[in-house]
*Asks:* 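First, the structure itself, so that you have it in front of you.
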Amino acid sequence: MKNKKYDPKKIEPKWQRYWEGERLFEVTEDTRKEKYYLLEMFPYPSGKIHMGHVRNYVIGDVMARFKMMQGYNVLHPMGWDAFGMPAENAAIENRSHPAKWTYENIDYMRSQLKKMGLSYDWTREFATCDPEYYRWEQWLFIQMYKKGLAYKDSSTVNFCPSCQTVLANEQVEGGGCWRCETTVEQKELEQWFFQITKYAEDLLKACDELTGWPERVITMQKNWIGKSIGAEIDFPLEEGKRVITVFTTRQDTVFGATFMSLAAEHPLALELSRGKEQEKEVKEFVERVKKEDKIKRTSEDYAKEGVFTGSHCLNPLTGAKMPIYVANFVLMEYGTGAVMAVPAHDQRDLDFARKYGLEVIVVVQPPEGPLDFQTMTEAYLGEGVMVNSGQFNDLSSTEFREKIVEYLEEKELGRSAINYRLRDWGISRQRYWGAPIPVIYCDECGTQTVPEDALPVVLPAELELTGKGGSPLASSPDFVKAECPNCGRPGRRETDTMDTFVESSWYFDRYACPDYHQGMLDRKRVDYWMPVDQYIGGIEHAILHLLYSRFFTRVLQELSLIDFAEPFTRLLTQGMVCKETNECEEHGLLFPREVKEGKCILCGKQAIVGRIEKMSKSKKNVVDPDEQIERYGVDTIRLFILSDCPPDKELEWRDEGIEGSFRFLGRIWRMVHDNLESIANITPYRGTSSLEGESLKLHRLTHKTIKQVTEDIDRRFHFNTAIARIRELVNYIYQFNLPETSREATESGKAVLREAIEAVIVLLSPYVPHITEELWEVLGHKPSIVQLPWPGYYKDAIQEEEIPIMLQVNGKLRSKITVGADCSEQEIKEAALANNRIQEYTRGKEIKRVILVPGKLVNIVV
RNA sequence: GCGAGGGUGGCGGAAUUGGUAGACGCGCUGGAUUUAGGAUCCAGUGGGCAACCGUGGGGGUUCGAUUCCCCCUCCUCGCACCA
């Protein structure tokens, strides 16, 4: 027998070619089969696949292959989230075109994915920068515009005066532009918005139905939507008839409101000081606060400051005069941009009141006793009994909170109100590499959408990107020039492009019908495949991408394009890939390859091993997937990723772990080849003849393993424990071949051995598909394993006839016995009490109780 | 500050409903094999000489707690002037 060595380089390309040639992963709608849509978050084509991607796709691939074997019609597509800033920046740097950079990256990354043996239906692949994709996004924009779900409004944005562009919050670093470090300004700008707030309540409510999502993602979504139930209260100005409306969740404390705080952006902020001695001071303050970027304004050490406007308003319940301040901590974006300040019961208001010497009135008295309004430095936030609140004194604050709303409504001083933290989604970007917003402005007819038959509005191919000066599209006269669709006179095109989150909000629908040209979605096919049964991706998308996708799905449903509200039934958020960092005193952080035997290869000094951190280029603790695959083959990488820990936990990349996985594959390789001779023409045991001794044990373990592996994958995604169980079976198979048990080499023994070996191969196949296909062939079968049904187990086979029973005295383990499975409770108890060790512990003591847990233990209480 | 999750050998991690704590792997130790190294195969491996002690610390419920309850502590993640 030729004992060929395990050589992944030979077998992996072979099977990848086979799967592709046989088109095993290409699927169509098949109503006879139950569908299963498995999706991993598609990547941005940044250049190379990194370990985080590898982990994501490997987890998905195991699930996909497992579900295929379970008989589902599995849709498992892949594509590219291809619009975005890096392409544009690379183009500016290299004086090339973003499309060139993007498609080159896609080609390279696709080849990387293909080397990983992933079960994708590549016929469905698309890139979102393809006009055939974004034309439907533009079409949808038009439908949304018609329904009022897309609208234009002005809003405050981070703006870099040097780059002449809007920056997202995360692109502002320490108050400066991430690219040129110029101080970022706040600027009012006309922007396109999607009205996601219309769905705030529905998105929030439906969270509770997302039972297949991780709890923390649900919590994050709920917090992001941020529902507050409270009231709006109108505070009349001292002069004139106008009112300042505030939103509050503590309307019960309205009698304690002693001053008013306005946001700097509040329309009344400047107006109220006009002509007053405070005018100049207020103006300066407002200008200063407005200029400060959001990051600084929301930072922890931001000092709470304010200025008096010189005007007053009246407390609508007490009639008391309340000075109106402009305060830097009041946000225009939340509520009404005005806050009734109740210093006794709000810490910020108390700090503010103490700083500027304002009145403090206690209106909620804690159960512990009265508060001293003159000396208190900590606001009382809890519940209690109402005081200083006129006819409402002595009510509980919780009760009063409801009553006061009725009262306010009756007197027309206020109303119940609900506020959400969620804001409408600003989608305008002053960028080239994005989907153009399909709008034309006409001096006569105003804002017009592009006619549907004129879609897509394609990005101009010839355009020099300079990185300076506003929307790049605005510098292309050919692009801007457009005829008004309504009157035919010259108009100009919208030059902003859409946020790239728009593309990723519906790509999963498009995978169902990527070749459909008559419309955005082919209803029939989408109905068959959607929703996604299992979505897998990084926790970093817990809020934005997932929330936007849920929003879009509702919009599509409202437009009758689809008939479901939630796109992702089950969600798995995989953990990060981490590795220790290495540092040299002289050369700083080191890449893994710069460390040999714990020493820096540049100077030979001992490298300092740092914390285990998320793999990142800046920490230099990155491992290149290509190098690893080259060295060990992809099956080893897949096995390591899956066997080290559960998928939702962070994975620590360890070279020793990789070695261990590689060794294990060598072990199963030998397991097959070393036994090949004896099991070559044997039919696997099928439970027909009776078994005893080692054969029975092996048969039993085989079926126990099948049961546990199936449950670990299906119920909990615990691939690591599933693999551990398979390893146990492999260890047992090795035991089975020991010389002293070779008398078992009877026909039934061989049949059981073959059954066990085949079970190992089949159970491992979703994890390490190449080596298992190869060994399956070595065993004399025709490919492919992925077309086999997932193995079932015999209930009878896992039934033990002898059960170990633990014996405890007072809850402490003292002995163990083995009893027959058919033993009665009484017999077990008697056997336990008769046990020598137990007698030592019970001698001379009164036995108070004997507790029996069937099949597990006996506990004797003395 | 608020919310969520977590703390188990030298290390990564098991223990599904309260019932054998430490599966499986890494590392380490010993043995076999080998000209040698590597690879491979086998065995051992929580601490303690023992009685015993052990799941971050303290208390509780229970015949019995890694698991349930209370208090404390530390770590990770998310959110955060949200009125």
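Letters A, B, ... are given to chains in the order of the sequence lines, protein chains preceding strands, and every chain is numbered from 1. Just the heavy atoms: all of them, side chains too, but no hydrogens, waters or symmetry mates, feed the values below. Note that the structure is predicted; figures quoted are calculated from it, not measured.
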*Asks:* What string of B, S and - do you get for nucleotides 59-68 of chain B, 5' to 3', if B is base contact, S is sugar-phosphate-only contact and - is no contact with any protein heavy atom under 4.0 Å?
*Replies:* ----BS----
*Asks:* On RNA chain B, nearest-nucleotide positions of A:I539 versus A:R250: which is more 5'?
*Replies:* A:I539
*Asks:* Considering every strand and a 4.0 Å limit on heavy-atom distances, what is the contact class for A:M806: base, sugar-phosphate, or nothing?
*Replies:* base
*Asks:* Going by atom type alone, with no hydrogens or angles, which donor-acceptor pairs under 3.5 Å involve a side-chain atom of residues 718-726 of chain A and a protein atom two or more places apart or on another chain?
*Replies:*
residue: A:T721; atom: OG1; partner: A:D712; partner atom: OD2; Å: 2.8
residue: A:T721; atom: OG1; partner: A:H718; partner atom: O; Å: 3.0
residue: A:R725; atom: NE; partner: A:E728; partner atom: OE1; Å: 2.7
residue: A:R725; atom: NH2; partner: A:E728; partner atom: OE1; Å: 3.4

*Asks:* Reckon A:R216 touches a base, only the sugar-phosphate, or nothing at all at heavy-atom distances under 4.0 Å?
*Replies:*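 Sugar-phosphate, backbone atoms only, no base.
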*Asks:* Could you state the atom-to-atom distance from CD of A:E650 to C1' of B:rG7 in whole Å?
*Replies:* 13 Å
*Asks:* With a 4.0 Å cut-off on heavy atoms, is A:F259 in touch with a base, just the backbone sugar-phosphate, or nothing at all?
*Replies:* nothing
*Asks:* Given A:P647, which partner from the list A:V62, A:L572, A:V58, A:N56 fulfils the side-chain contact (heavy atoms from CB on, under 4.5 Å) test?
*Replies:*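 Between A:P647 and the candidates, side-chain contact (heavy atoms from CB on, under 4.5 Å) is satisfied uniquely by A:L572.
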*Asks:* Would one find a side-chain N or O of A:Y734 under 4.0 angstrom from OP1 or OP2 of B:rC42?
*Replies:* no
*Asks:* Is A:R716 close enough to B:rA15 that one of its side-chain N or O atoms is under 4.0 Å from OP1 or OP2 there?
*Replies:* yes
*Asks:* Taking the six-membered ring of A:W213 as reference, does the NZ or CZ atom of A:R570 fall below 6.0 Å from its centre and within a 45° cone about the axis?
*Replies:* no
*Asks:* Could you list the residues that satisfy side chain to side chain donor-acceptor pair (under 3.5 Å) with A:D234, not counting sequence neighbours?
*Replies:*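 A:D234: side chain to side chain donor-acceptor pair (under 3.5 Å) contacts with A:T245, A:R415.
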*Asks:* Relative to the 5' end of RNA chain B, which residue comes earlier, A:L813 or A:D712, by the nucleotide with the nearest heavy atom?
*Replies:*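 It is A:D712, whose closest nucleotide lies nearer the 5' terminus.
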*Asks:* Spell out protein contact along nucleotides 22-27 of chain B as letters: B when the base is contacted, S when just the sugar-phosphate is, - when no protein heavy atom is under 4.0 Å; keep the 5' to 3' order.
*Replies:* -BSSSS
*Asks:* Strictly below 4.0 Å, N to O, side chains only: are A:E650 and A:K614 in salt-bridge contact?
*Replies:* no
*Asks:* Which of these nucleotides, B:rA14, B:rA83, B:rC79, is closest to any side-chain atom of A:I543?
*Replies:* B:rC79
*Asks:* Taking only residues two or more places apart in sequence or in another chain, which ones pass side chain to side chain donor-acceptor pair (under 3.5 Å) with A:S815?
*Replies:*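 Partners of A:S815 under the side chain to side chain donor-acceptor pair (under 3.5 Å) test: A:N835.
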*Asks:* Send over the distance from A:K856 NZ to B:rA21 P, rounded to a whole Å.
*Replies:*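 That distance rounds to 13 Å.
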*Asks:* Look at the aromatic rings of A:W653 and A:F640 and report parallel, tilted or perpendicular, splitting at 30° and 60°.
*Replies:* perpendicular
*Asks:* Dot-bracket for RNA chain B, please, read 5' to 3', with Watson-Crick or G-U wobble pairs under 3.5 Å on both distances, ( ) within the strand, [ ] crossing, | other strand, . unpaired.
*Replies:* (((((((..(((......[....)))((((((.......))))))((....))..(((((..]....))))))))))))....
*Asks:* Rounded to whole angstroms, how far apart are CZ on A:F719 and P on B:rA14?
*Replies:* 14 Å
*Asks:* Determine the interplanar angle of the A:W669 and A:Y6 rings, folded into 0 to 90°, and report it as parallel if under 30°, tilted if 30 to 60°, perpendicular if over 60°.
*Replies:* tilted
*Asks:* Counting only side-chain N and O atoms of A:R814, is one of them less than 4.0 Å from OP1 or OP2 of B:rU20?
*Replies:*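 No, outside the criterion.
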*Asks:* How about A:Y356 and A:F352: are their ring centroids closer than 6.0 Å?
*Replies:* yes
*Asks:* side-chain contact (heavy atoms from CB on, under 4.5 Å) with A:I757: which of A:V672, A:I668, A:L729?
*Replies:* A:V672
*Asks:* Of all the heavy-atom pairs spanning A:T197 and A:R423, show the shortest one and how long it is.
*Replies:* CG2-C, 3.6 Å
*Asks:* What is the minimum heavy-atom distance between A:M260 and A:A338, and which atoms define it?
*Replies:*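 Looks like SD-CB, 4.3 Å.
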*Asks:* What contact category does A:K816 fall into here, base, sugar-phosphate, or nothing, at under 4.0 angstrom with non-hydrogen atoms?
*Replies:*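 Touches a base.
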